[in-house]
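Treat the numbers as computed from the prediction; the structure is a model and nothing was measured.
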Amino acid sequence: MITSARRLSAAATIVFASVAVAAIPQGVYQALAACTTYYVSPTGSDSATGCSTSTPWKTLTNVNATTFAAGNQILFQDGGSWTGELHPLGSGSSGSPITISSYGSGAAPIIAGGGATAAIYLDNQQYWTIENLEITNNTSVAAVRSGIQAENDTSGVLNGIHILNNNIHNVKGDWTSGGPQPSTSSGIAFNLSDSYTTNGWNDVLIQNNTLTTDDAGGIYIGSLNGTGHNIVTSDVVISNNTLTDMGGND
């Protein structure tokens, strides 16, 4: 489950221009995106700019430490694999989303959560497109975890989350009969805080994804209590997805 401590930590982050980041200890402040498109490769370097295929970043560290802006792209090299939670910051805008995708040729890049709360996590963020990736979140012990997790802890509506053409498999989530709904423990999960009845989603597109052996649910949009949000959420399209061997709700 997404903890309040993580939410407070993200909310308390102070953003500085990237030109000043070199003088600041890594992980203390978040850097503003300095390029339009960022590249991540297994043969890259986190000391590089990340701004071209010849100067790519190597790990998720810099990606998770950057606040991206409308129109930015984060591209992972085909054939590469990264372990841990991918949690880039920032939001796009209507007609100009932030895109996580791939570049190069070969097998889709893998984001392997390795038991993280989510392999890809968006927290109170909007206008993001996640596409053309292989996503797993497997480990030895089942627990509350997701493949892609979108969280809305605000009292309002978040917009423009598009999840397209991904292969999401072996997400070892968990659900106990009579417990909270699997809105934080599914292959693709959208969770709304039950503290509000006015929060929701708008313009959600989940299309052409393949989900295999995911727990506890496949595609789940709701809240832990599962009530009170159906009037607010709008324009949700879920189409042409293939779901096989889901632990609970497809």
Side-chain angles (χ1 to χ4, degrees), residues 1-16 29-33 63-74 85-100 116-131 144-164 166 180-207 209 217-239 249:
M1 190 176 300
I2 311 301
T3 65
S4 57
R6 283 180 61 184
R7 296 169 187 154
L8 289 171
S9 175
T13 299
I14 302 173
V15 178
F16 278 73
Y29 301 121
Q30 305 295 342
L32 287 172
V63 182
N64 291 345
T66 300
T67 300
F68 296 93
N72 284 169
Q73 296 185 81
I74 308 161
E85 183 176 84
L86 173 59
H87 177 28
L89 305 177
S91 288
S93 62
S94 179
S96 189
I98 302 169
T99 300
I100 304 173
T117 300
I120 301 179
Y121 176 49
L122 300 177
D123 185 22
N124 297 336
Q125 296 164 264
Q126 58 185 343
Y127 298 111
W128 281 80
T129 296
I130 302 170
E131 62 182 16
V144 174
R145 61 174 60 91
S146 296
I148 298 175
Q149 179 71 55
E151 183 81 13
N152 183 350
D153 294 320
T154 76
S155 59
V157 175
L158 296 178
N159 305 279
I161 306 296
H162 294 181
I163 300 173
L164 313 170
N166 299 288
Q181 298 300 303
S183 56
T184 57
S185 191
S186 291
I188 298 174
F190 284 68
N191 184 59
L192 293 167
S193 169
D194 283 302
S195 298
Y196 310 99
T197 58
T198 55
N199 59 356
W201 305 98
N202 175 64
D203 182 21
V204 172
L205 177 60
I206 302 173
Q207 189 172 64
N209 300 283
I219 299 170
Y220 203 96
I221 301 178
S223 69
L224 295 177
N225 288 344
T227 59
H229 301 287
N230 56 307
I231 296 173
V232 181
T233 292
S234 60
D235 192 16
V236 175
V237 176
I238 303 174
S239 68
N249 303 58

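Residues Ser183 and Ser223 share a closest heavy-atom pair of OG-C, 3.2 Å. Of all non-hydrogen atoms in Ala118 and Glu85, the two that sit nearest each other are O-CG, 3.0 Å. Here the closest heavy-atom approach between residue Ser185 and residue Gln149 is recorded as N-OE1, 4.2 Å. Between Pro97 and Gly95, the closest heavy-atom pair is CD-C, 3.7 Å. Closest approach of Val157 to Val232, counting heavy atoms only: CG2-CG1, 3.6 Å. Between Tyr196 and Ser155, the shortest heavy-atom distance links the atoms CD2-CB, 3.5 Å.
Separating the CG atom in Leu122 from the CZ atom in Phe190 is a distance of 8.0 Å, to the nearest 0.5 Å. Distance CD1/Ile163 to CD1/Ile219: 8.0 Å, rounded to 0.5 Å. Between the CG atom of Asp194 and the CD atom of Gln181 there is a distance of 9.5 Å, given to the nearest 0.5 Å. From Asn202, atom CG reaches atom CG of Asp235 across 5.5 Å, with rounding to the nearest 0.5 Å.
Counting only heavy atoms from C-beta outward, the side chains of Asn64 and Thr66 never approach each other to under 4.5 Å. When side chains are defined from C-beta on, Tyr220 counts as touching Pro182, because their heavy atoms get closer than 4.5 Å. In this structure, the side chains of Val237 and Val204 stay at 4.5 Å or more apart for every pair of heavy atoms. Pro88 has its side chain within reach of Ile74: a pair of non-hydrogen atoms, C-beta onward, lies under 4.5 Å apart. Inter-residue side-chain proximity for Leu224 and Thr184 is flagged as met; some heavy-atom pair is nearer than 4.5 Å. Side-chain contact between Tyr127 and Ile161 is absent, with no heavy atoms from C-beta onward closer than 4.5 Å.
Each of Ile206, Leu192, Asn191 was compared with Ile221 under the side chain to side chain contact (heavy atoms under 4.5 Å, CB included) criterion, and only Ile206 meets it. Each of Thr99, Ile100, Thr129, Ile98 was checked for a side chain to side chain contact (heavy atoms under 4.5 Å, CB included) with Gln73, and the lone residue meeting it is Thr99.
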- Message: Could you walk me through whether Leu86 and Val63 satisfy the side-chain contact (heavy atoms from CB on, under 4.5 Å) test, starting with their C-alpha distance in whole Å, then the side-chain angles of each, then the deciding distance to 0.1 Å, before giving a yes or no?
- Response: CA-CA 8 Å; Leu86 173 59; Val63 182; 3.6 Å; yes
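With hydrogens and angles left out, the side-chain atoms of Thr154 and Asn124 include no donor and acceptor closer than 3.5 Å. Remark: the Tyr121 side chain and the Glu151 side chain contain no N/O donor-acceptor pair separated by less than 3.5 Å. When only modelled atom types and interatomic distance are considered, Asn199 and Asn152 share no side-chain donor-acceptor pair under 3.5 Å. Using modelled atom types and a 3.5 Å distance limit, the side chains of Ser239 and Gln207 yield a donor-acceptor pair. Under 3.5 Å, the side chains of Asn159 and Asp203 contain no donor-acceptor pair of N or O atoms.
In this structure, Gln125 contributes its side chain and Gly90 its backbone to a donor-acceptor pair below 3.5 Å. With hydrogens and angles disregarded, no donor-acceptor distance shorter than 3.5 Å links the side chain of Ser146 to the backbone of Ile148.
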